[in-house]
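Keep in mind that what you see is a predicted model, and the values were worked out from it rather than measured. Protein chains get the first letters and strands the later ones, always in sequence-line order, with residue 1 at the start of each.
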Amino acid sequence: MKTPKRYTITSALPYANGPVHIGHLAGVYIPSDIYTRYLRARGADVISVCGSDEHGVPITITARREGVTPQQVVDKYHGMIKEAFERFGIAFDVYSRTSSPRHHRTASDFFRRLYDQGDFIEQTTEQYYDPEAKQFLADRYITGTCPRCQNERAYGDQCEKCGSTLSPTELIDPKSAITGAAPILKETKHWFLPLDRYEGFLREWILEGHKEWKPNVYGQCKSWIDGGLLPRAVSRDLDWGIPVPVEGAEGKVLYVWFDAPIGYISATQELFEQRGDPDGWKPYWQDDETKLVHFIGKDNIVFHCIVFPSMLKAHGDYILPENVPANEFLNLENDKISTSRNWAVWLHEYLAEFPGKEDVLRYTLCANAPETKDNDFTWRDFQARNNNELVAIYGNFVNRALVLTEKYFGGTVPPVGPLTEFDQQTLAELAGCKRLIEENLEAYRFREALRELMNIARLGNKYLADTEPWKVAKTDLDRVATILHVALQITANLALASGPFLPFTAGKLFGMLGADKFAWDRLGAADLLPEGHRLGTPALLFEKIEDSVVEAQLAKLEATKQANQAASATVAPQKETIQFDDFAKMDIRVAQVTAAEKVEKTQKLLKLTVDTGIDTRTIVSGIAEHFTPEQMVGKRVLVLVNLAPRPLKGIESQGMILMAETPDGKLVIVSPDGEAPAGSIVG
RNA sequence: GGCGAGGUAGCUCAGCUGGUUAGAGCGCAUGAUUCAUAAUCAUGAGGUCGCCGGUUCAAGCCCGGCUCUCGCUACCA
């Protein structure tokens with residue numbers, strides 16, 4: 001694309017089912033904010049849109065658990081998230097939400113347009129229905145016994161105990177999570193977006209047309225497209241969401257991933273309604289000369305590169321994203337960030353505990369952003385980057401330049417005299433920083449761009465060290481004037497270049513320089529501050545972070561870890577009472593493993609040959625991650641021998657080896673302690 | 001198991017279509033310096049570029065195999 005007329009920047013809609021943490025910031029919002037601020041500084045026509053994603057099943061589950069309405073859940077988190085972004089200076093033009101009437105209308109119209117054009121496939125299937133609650137049950141709303149591990153609290157989509165992916169009809173003894181009633185199978189109609197029809201379009205648009213996308217994004221897309229795309233359901237039986245705008249679709253809502261990306265569009269509409277220009281949003285979404293960029297995390301690639309573009313293409317009026325610079329994930333102290341395990345640095349907590357240090361976190365997260373692979377955030381690294389880079393290099397240079405000027409020239413920009421060769425060299429290098437920062441930003445290389453910003457401060461420190469104005473002052477004050485004049489120009493450039501990255505610091509620094517903002521185009525100029533200009537009051541931009549602060553944060557995480565361990569160490573409650581007869585039905589025998597081998601093309605399965613005393617039989621067991629075949633051969637084990645045979649990967653498994661599972665998921669073989677020949681009955 | 005991404009100095013990362021002694025920042029060591037929040041500046045140590053094999057006059061970069069990490073997926077009594 002040649003120079004775009006305008007830009008539409010979107011940032012992934014955070015899911016309003018919890019607060020936001022540093023992973024969100026590092027992966028999506030810091031990059032999008034830097035990019036947006038940079039474009040604005042250049043005077044580009046740009047809008048940055050975002051909002052809360054407020055539909056979907058998990059929110060209804062949270063609401064039920066907390067005894068409140070879904071609306072109350074999203075109101076709470078929408079407020080928290082919005083405030084956290086504002087306080088970190090994430091400068092969206094609009095931060096909307098998908099529960100708004102505006103969005104409901106837009107998403108509904110979008111669906112209806114595709115429906116009228118015949119872009120959907122209608123399909124009727126049988127699904128579980130709760131006759132008492134009079135509603136269809138989402139997979140998550142059905143519990144029952146896992147057919148694989150007999151866990152009695154498996155969900156319709158997954159058993160959290162054994163990790164199996166399930167379908168609700170597989171559950172033994174299914175129950176509605178709402179009323180506890182036994183659900184019945186009932187016919188229901190759903191609409192599917194036939195992604196397979198867009199395969200050719202996607203192949204040409206991405207695989208041919210966007211080879212410049214980041215390798216992780218391009219590779220994922222290629223993987224999906226080559227793997228063959230399937231029709232995807234875009235409606236759900238649920239009472240929380242946007243009603244499907246079709247006759248006979250009572251009780252059905254749009255699938256959250258259908259409505260969420262449309263939220264970008266409705267947020268833009270809301271923005272222009274506020275501006276009193278209701279049609280003003282259109283060029284930002286429908287004009288070929290608009291550059292649309294989606295900032296997301298890697299978990300969103302398929303929706304932003306495959307599903308949403310197919311929707312936009314089907315609709316027909318919309319432009320497609322020019323790029324989707326997805327980041328990888330950020331870990332915290334060597335462990336995955338997890339909301340449910342409370343393993344995170346929450347933004348609202350950081351803001352409370354580190355007031356005035358928004359830019360420190362912005363800096364740290366940008367410098368260590370997971371641009372090409374997952375990265376780790378550690379508090380030690382946070383401290384080191386603050387103390388060794390922001391304080392020592394950036395803050396110190398600014399302080400030196402200002403203090404020296406105060407001392408020798410009373411805080412006024414001194415006149416510039418003849419420039420030495422070294423002065424000229426330094427200014428030439430300063431002039432070069434503009435191109436370097438711009439090139440990196442436009443290629444979405446934010447870490448590298450930030451490094452170039454710091455190089456301005458490094459250049460300043462080196463300049464002062466080499467020219468030694470404090471020594472020259474004893475003999476030649478005119479020369480000192482020139483030196484500090486140059487040093488102050490470097491400082492002013494540092495302030496200007498900092499704007500997109502460290503907005504709070506840039507603001508403070510402009511105040512200390514007694515200057516208003518400069519146009520971005522002037523970056524690199526040697527005459528930002530004129531001779532005689534009166535500077536403002538110097539102050540420290542950053543302060544050291546002591547060890548004790550870091551230790552307190554580490555202790556907090558350690559406490560979380562221990563709380564989690566305590567929780568997972570809780571022994572599972574006793575199952576419901578059974579009769580002796582129930583137990584007596586089970587035929588458990590002592591057996592000996594005589595052979596063992598890994599099942600081909602699986603990760604967890606071992607094929608075991610066991611002597612049960614009765615016979616020699618084959619049992620397939622999902623223990624390959626815990627035991628090698630060599631370890632198993634010769635082991636005496638307990639086997640449930642009259643379990644119905646079940647084929648696994650084409651091998652009939654004739655029984656089940658009993659294992660004890662520890663709270664942290666390790667398997668331990670249960671074995672007779674003493675002489676007991678194969679075939680001995682356990683009971 | 002399949003697919004995708006990644007494995008380069010202690011840490012975080014660059015290395016363009018293969019071509020001189022593999023680079024940067026932070027950390028570390030030594031020296032200089034004192035205007036500055038003991039900050040700065042210079043110099044240096046430190047890498048068999050995950051492992052094995054191949055193509056080539058030449059490979060971190062290309063090809064084959066293996067291995068480890070992350071994600072998706074399959075599969076887990």
Inset, instruction - Considering only NZ, NE, NH1 and NH2 on the basic side and carboxylate oxygens on the acidic side, decide whether A:Glu438 and A:Arg435 come within less than 4.0 Å. - result: no
Inset, instruction - With rounding to the nearest 0.5 Å, note down the distance linking CZ in A:Phe397 to CG in A:Leu464. - result: 5.5 Å
Legend entry - OP1 or OP2 of B:rA42 under 4.0 Å from side-chain N/O of A:Lys462: yes
Inset, instruction - Please state how far atom CG in A:Asn331 lies from atom C1' in B:rU69, giving the value in whole angstrom units. - result: 10 Å
Inset, instruction - Could you work out which one of B:rA42, B:rG71, B:rC26 sits closest to the side chain of A:Ile393? - result: B:rC26
Legend entry - Partner nucleotide of B:rU12 by Watson-Crick or wobble geometry (both distances under 3.5 Å): B:rA24
Inset, instruction - Find which nucleotide of RNA chain B each of A:Asp466 and A:Lys407 is nearest to by heavy atoms, and output the residue with the more 5' nucleotide. - result: A:Lys407
Legend entry - Nearest-Å distance for atom pair CD/P, residues A:Gln220 and B:rG6: 12 Å
Inset, instruction - Output the single nucleotide from B:rA77, B:rC35, B:rU37 whose closest atom is nearest the side chain of A:Val403. - result: B:rC35
Inset, instruction - Using the P atom on both, measure B:rC75 against B:rU56 and round to a whole Å. - result: 45 Å
Inset, instruction - For B:rU30, give its Watson-Crick or G-U wobble partner with both distances under 3.5 Å, or none. - result: B:rA42
Inset, instruction - Name the nucleic acid region contacted by A:Pro469, choosing base, sugar-phosphate or nothing; use a 4.0 angstrom heavy-atom cut-off, strictly under. - result: nothing
Legend entry - Within 6.0 angstrom of A:Glu212 CD, more than 12 heavy atoms from elsewhere: yes
Legend entry - Minimum-distance nucleotide to A:Thr372 side chain [options: B:rC13, B:rC26, B:rU33]: B:rC13
Inset, instruction - Have a look at A:Lys222 and say if it touches a base, only the backbone sugar-phosphate, or nothing, with a 4.0 Å heavy-atom cut-off. - result: nothing
Legend entry - Nucleotide B:rC11, atom P - distance to CZ of A:Arg447 in whole Å: 16 Å
Inset, instruction - Please report, rounded to the nearest Å, how far the P atom of B:rG71 is from the CZ atom of A:Phe303. - result: 17 Å
Legend entry - Closest listed nucleotide, where the reference is the side chain of A:Arg451 and the choices are B:rG71, B:rC13, B:rC72: B:rC13
Inset, instruction - Provide the distance between the two P atoms, one in B:rU8 and one in B:rC52, to the nearest whole Å. - result: 16 Å
Legend entry - Per A:Lys373 side chain, nearest of listed nucleotides B:rC13, B:rU37, B:rA36: B:rC13
Inset, instruction - Decide yes or no for A:Ile657 and A:Ile669: does some side-chain heavy atom of the first lie under 4.5 Å from some side-chain heavy atom of the second? - result: no
Legend entry - C1' gap between B:rG60 and B:rG19, integer Å: 13 Å
Inset, instruction - Would you classify A:Phe542 as touching base, sugar-phosphate or nothing, given that sugar-phosphate means primed atoms plus P, OP1 and OP2, and contacts are heavy atoms under 4.0 Å? - result: base
Inset, instruction - Report the distance from atom NZ of A:Lys298 to atom P of B:rU69, rounded to the nearest whole Å. - result: 14 Å
Inset, instruction - Report which part of the nucleic acid A:Arg458 touches: base, sugar-phosphate, or nothing (heavy-atom distance under 4.0 Å, all strands). - result: sugar-phosphate
Legend entry - Test item: A:Tyr363 and A:Met454 side chains (from C-beta on) under 4.5 Å apart, heavy atoms: yes
Inset, instruction - Determine the contact category for A:Ala392: base if any of its heavy atoms lies under 4.0 Å from a base atom, sugar-phosphate if only primed atoms, P, OP1 or OP2 are that close, otherwise nothing. - result: sugar-phosphate
Legend entry - Phosphate OP1/OP2 of B:rG27: any A:Asn388 side-chain N/O under 4.0 Å: yes
Inset, instruction - For the side chain of A:Trp470, starting at C-beta, report the closest nucleotide among B:rG27, B:rC35, B:rU40. - result: B:rC35
Inset, instruction - Look at the side chain of A:Asn461 and decide which nucleotide, out of B:rC41, B:rU12, B:rU37, has an atom nearest to it. - result: B:rC41
Legend entry - Mate of B:rA58 where both pairing distances stay under 3.5 Å, Watson-Crick or G-U: none
Legend entry - Rounded distance in Å - CD (A:Glu448) to P (B:rC26): 14 Å
Inset, instruction - For B:rA22 and B:rU48, measure between their C1' atoms and round to the nearest Å. - result: 13 Å
Legend entry - Nearest-angstrom distance from the residue atom CG of A:Leu459 to P of B:rA42: 11 Å
Inset, instruction - Could you tell me whether A:Lys298 and A:Glu328 have a side-chain N and a carboxylate O separated by less than 4.0 Å? - result: yes
Legend entry - Nearest-nucleotide comparison on RNA chain B, the residue closer to the 5′ end among A:Glu468 and A:Phe329: A:Glu468
Inset, instruction - Rounded off to whole Å, could you give me the CG-to-C1' distance for the A:Asn375 and B:rG71 pair? - result: 15 Å
Legend entry - B:rG15 versus B:rA9 - spacing of their C1' atoms, nearest Å: 14 Å
Legend entry - Pairing partner of B:rC51 (Watson-Crick or G-U wobble, both distances under 3.5 Å): B:rG65
Legend entry - Base paired to B:rC3 (Watson-Crick or G-U; both N/O distances under 3.5 angstrom): B:rG71
Inset, instruction - Classify the nucleic acid contact of A:Leu541 as base, sugar-phosphate or nothing, counting any heavy atom under 4.0 Å across all strands shown. - result: base
Legend entry - Separation between CG of A:Asp374 and CG of A:Asn327, rounded to the nearest 0.5 Å: 10.0 Å
Inset, instruction - Among B:rA42, B:rC70, B:rC72, find the nucleotide with the atom closest to the side chain of A:Lys336. - result: B:rC70
Inset, instruction - Please tell me which of the listed nucleotides, B:rG71, B:rA77, B:rC13, lies nearest to the side chain of A:Leu643? - result: B:rA77
Legend entry - Electrostatic pair A:Asp615-A:Arg589, nearest N-O below 4.0 angstrom: no
